Amino acid sequence: METAPSPEIAEGSGDSPIHGYTTNKDAYLRRLKRIEGQVRGIARMVDEDKYCIDILTQVSAVTKALHAVSLGLLEEHIGHCVVGAASEPDPERRAEGIEFKVKEASDAIGRLLR
């Protein structure tokens with residue numbers, strides 16, 4: 001198993017890595033909290049013996065919301081991590097970094113499609 005290259009560290013921020021989603025972190029957290037509430041609502045629907053199709057409709061909505069988060073994170077990965085690897089000044093490390101980051105993205109897409 002390959003080891004990921006170290007994430008960038010923000011200067012003056014201790015050990016906090018800068019990820020592609022960092023600038024949108026609050027928005028992602030809000031969306032995930034909303035999804036969490038939807039999942040609790042689905043559990044409540046099951047507990048209250050609601051109609052199957054109504055529950056499935058809510059499951060579909062949560063699935064779509066999670067896909068939207070996933071696609072956003074993937075876009076952030078490509079725009080930040082892959083592009084960041086491409087800006088490596090050393091040609092050999094640049095090629096290795098790009099290959100690694102693109103493979104990460106491809107693997108993530110594969111997991112999303114399963």
Side-chain angles (χ1 to χ4, degrees):
M1 180 176 223
E2 293 182 43
T3 304
S6 300
E8 296 175 34
I9 304 295
E11 288 187 34
S13 66
D15 293 331
S16 298
I18 296 188
H19 300 290
Y21 64 85
T22 298
T23 58
N24 296 316
K25 183 177 178 178
D26 290 338
Y28 280 113
L29 289 172
R30 281 192 303 276
R31 290 174 83 179
L32 290 168
K33 287 190 184 300
R34 201 170 324 133
I35 293 167
E36 182 181 21
Q38 288 177 287
V39 171
R40 282 194 306 270
I42 293 169
R44 191 170 36 256
M45 290 176 77
V46 170
D47 185 51
E48 295 171 357
D49 295 316
K50 299 294 182 184
Y51 186 55
C52 324
I53 298 303
D54 294 338
I55 295 169
L56 289 170
T57 299
Q58 294 306 310
V59 169
S60 176
V62 168
T63 301
K64 287 178 184 176
L66 283 171
H67 279 158
V69 169
S70 298
L71 290 173
L73 289 169
L74 183 60
E75 185 176 317
E76 304 267 14
H77 174 74
I78 292 168
H80 180 265
C81 301
V82 175
V83 170
S87 67
E88 166 64 45
D90 179 87
E92 187 175 317
R93 288 185 64 193
R94 179 174 51 243
E96 289 173 5
I98 292 170
E99 182 179 343
F100 185 85
K101 293 298 181 181
V102 169
K103 175 90 168 86
E104 278 183 328
S106 296
D107 290 347
I109 292 168
R111 287 189 299 274
L112 288 172
L113 295 176
R114 281 189 221 145

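These numbers come from a predicted model, not from an experiment.
Annotation: salt bridge (Lys or Arg N to Asp or Glu O under 4.0 Å) contacts involving residues 27-44, sequence neighbours excluded, comprise Glu36-Arg40. For the side-chain hydrogen bond (donor to acceptor under 3.5 Å, both in side chains) condition, the pairs that include at least one residue of residues 105-114, sequence neighbours left out, are Lys103-Asp107.
A distance of 10.0 Å separates OG1 of Thr63 from CD of Gln38, quoted to the nearest 0.5 Å. A distance of 14.0 Å separates NZ in Lys50 from OG1 in Thr57, rounded to the nearest 0.5 Å.
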Run the side-chain donor-acceptor check on residues 83-92: report pairs under 3.5 Å with partners two or more places apart or on a different chain.
{"residue": "Ser87", "atom": "OG", "partner": "Gly84", "partner atom": "O", "Å": "2.7"}
{"residue": "Glu88", "atom": "OE2", "partner": "Asp90", "partner atom": "N", "Å": "3.2"}
{"residue": "Asp90", "atom": "OD2", "partner": "Glu92", "partner atom": "N", "Å": "3.3"}
{"residue": "Asp90", "atom": "OD2", "partner": "Arg93", "partner atom": "N", "Å": "2.8"}

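Residues passing the side-chain hydrogen bond (donor to acceptor under 3.5 Å, both in side chains) test with Asp54: none are found, sequence neighbours excluded. For Leu112, the side-chain contact (heavy atoms from CB on, under 4.5 Å) partners are Ser70, not counting sequence neighbours.
Residue Ile42 is found in a hydrophobic cluster whose other members, listed by chain and number, are Tyr21, Tyr28, Leu32, Ile35, Val39, Met45, Val46, Ile55, Val59, Val62, Leu66, Val69, Leu73; membership requires side-chain heavy atoms under 4.5 Å apart, directly or through intermediates. Think of Tyr51 as one node in a network of Ile, Leu, Val, Met, Phe, Trp and Tyr side chains linked at under 4.5 Å; its network also takes in Ile53, Leu56.
Tracing side-chain contacts under 4.5 Å through hydrophobic residues (I, L, V, M, F, W, Y), one never reaches Leu113 starting from Leu71; they form parts of separate clusters.
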